[in-house]
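Please read the structure below before turning to the comments.
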Amino acid sequence: MKTLFKIFSFCGLGLTVVPAFLVYHAVLDMEQHKMLALAGTILWFVTAPLWLGRGPTG
Amino acid sequence: MEEKDIVQQLDSIEEFEDQPVPEEKTKSLKSFVQLVAGEHIAGTEFVIGPMFVAYGVSAKDLFLGLLIGNILAMLSWTFICARLAVKTRLTIFYHLERICGKKPALIYNVVNVLLFSFVTGSMIAVSATAVGIPFHIDMPGLEDMLPTGIGWIITVVIIGSVITVVAILGYDIVAKFSGYSVPWMPLVFIAGAVAVLPQLGVTSPGNFWQVANEKIWTGVPFEGMPKFTIWHVAAFAWLANTNMHIGLNDTAIYRYAKKWQYGFASAVGLFIGHYMAWVASGILCAAALGVVTPGVIAYNSMGIAGMLAVIIAGWTTANPTLYRAGLAMKIILPRYKRWQTTALVGLIIIAMAIFPGVVTKLMNFLAFYALVAAPVGAVIFMDVYLFPKIGLISNYAEYSKSSFNWAVAVTWLFSFVVCDVLHIYFGIEGFEFFLAVPGWIIGAVTYIVLSRIFQSKHLKVAGIK
């Protein structure tokens, strides 16, 4: 389960940053980038507390 | 009954305000990286990056100046602050009381609480400016001194209250919250800057440097602004946090480090927050045609995610600062618990943040803060490292059972006055921060000389010449 949360979290980080590079390469427009960045942000903050700082090394 | 339980739980949070942190309570390197990485990515990075654009810094001066300044800051954190914190495991506030006595420590702590409150208040105000854009609340500009309406006041009260509650719950909660935002926050700065590069005419990595020189850091200041050079940038990057490193306020955090080498963890926060984020927010400012309002430039480039970044960036810095303020207030009001003193400071900060003028004066205030903190840091550093080697008595107020060590009080005042005179007669615009360095050196030398004089009675008794 923890692995699944981690995957979602990293997808969230990806959604936050990757669309900006697609704007740079004229694949996406600014509005699409802003929507995806928001989705990525929500995904990160919902899933990160479920695994970040937990476990043996926490 | 439930209310009583909460109070009992809060009373039981032990933060070692007046004793060394025990070895078993020290924190891992990971915990430190999380905390300091979050601490140096503040809402004010959205203000400082555009400031370099406005002050006409050239691209080469910016990149090199930030490199020099941040390396010096990291070394200051490691070899002065972290090393001393791990050796003593005390907060500066309690340590100072042992050196200079209750009365001067009380004065220093009152000044510190006010300064911490100002910084935290400005973080809250910057965060609050971001909230107004999507919700159409009438938010003040950064040049406004007074609140613009009930919407602004409610926003500040809500943001300030959340920050206060998190700080009350202690260091673990602060570190945890910083940890959640650390990986995400730098990505927002990077993404925002990359997304607006095409608007500035960057079509490939190859022409970035040309655009940087021609459209972002042009070397030409905005009208009415002085010109900043590489040395202004380096001095600012090194000494903007004087109070924390050579002023030793970050001993409150680093006393929890297992090893003094954890001070190098500051590099993570510095090179993300005080390098990458300042560069990125400068790009955002140029893309917004010179607009410098944090909320606006973040929202233009990243939408609501950008707005959240400004709020959370302010939050993660405000939390440790308020935590320190709570510790300082605990020394002033020893009969109260730390959570109670933190709550009190939180209320003061919320009241300050309602007035957006706290942000307008932030730069002047940070320079003043540096001047206040540097000589005190020098006094403690000399007391711990040099005094045992040259036969002077460390923790003299505790040793002599005095409530007022004149050597410290005179040192502090003398250093402050000399630096002010230096600034008035030789001051160069924009170099106010650099006065912390002569302030530290003057403080160190004066304290040694005065201690030799004021300790002479006890040194004779102890047979020390």
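To find a chain, count down the sequence lines: A is the first, B the second, and so on, and within it residues start at 1.
- B:F52 has its ring centre less than 6.0 Å from the ring centre of B:W278.
- Looking at B:L187, the atoms closer than 4.5 Å to chain A (heavy atoms on both sides) sit in the backbone and in the side chain alike.
- Looking at B:V196, the atoms closer than 4.5 Å to chain A (heavy atoms on both sides) all sit in the side chain, from C-beta outward.
- A ring-centre distance under 6.0 Å is not found for A:F8 and A:W44.
- Each of A:V23, A:V18, A:V17 has some count of heavy-atom pairs under 4.5 Å with chain B, and the biggest count is that of A:V17.
- Chain A forms the most heavy-atom pairs under 4.5 Å with one residue out of B:V202, B:L308, B:V188, and that residue is B:V202.
- When ring centroids are compared, A:F10 and B:W184 stay outside the 6.0 Å threshold.
- Between B:V310 and B:A298 the shortest heavy-atom distance is CG2-CB, 3.4 Å.
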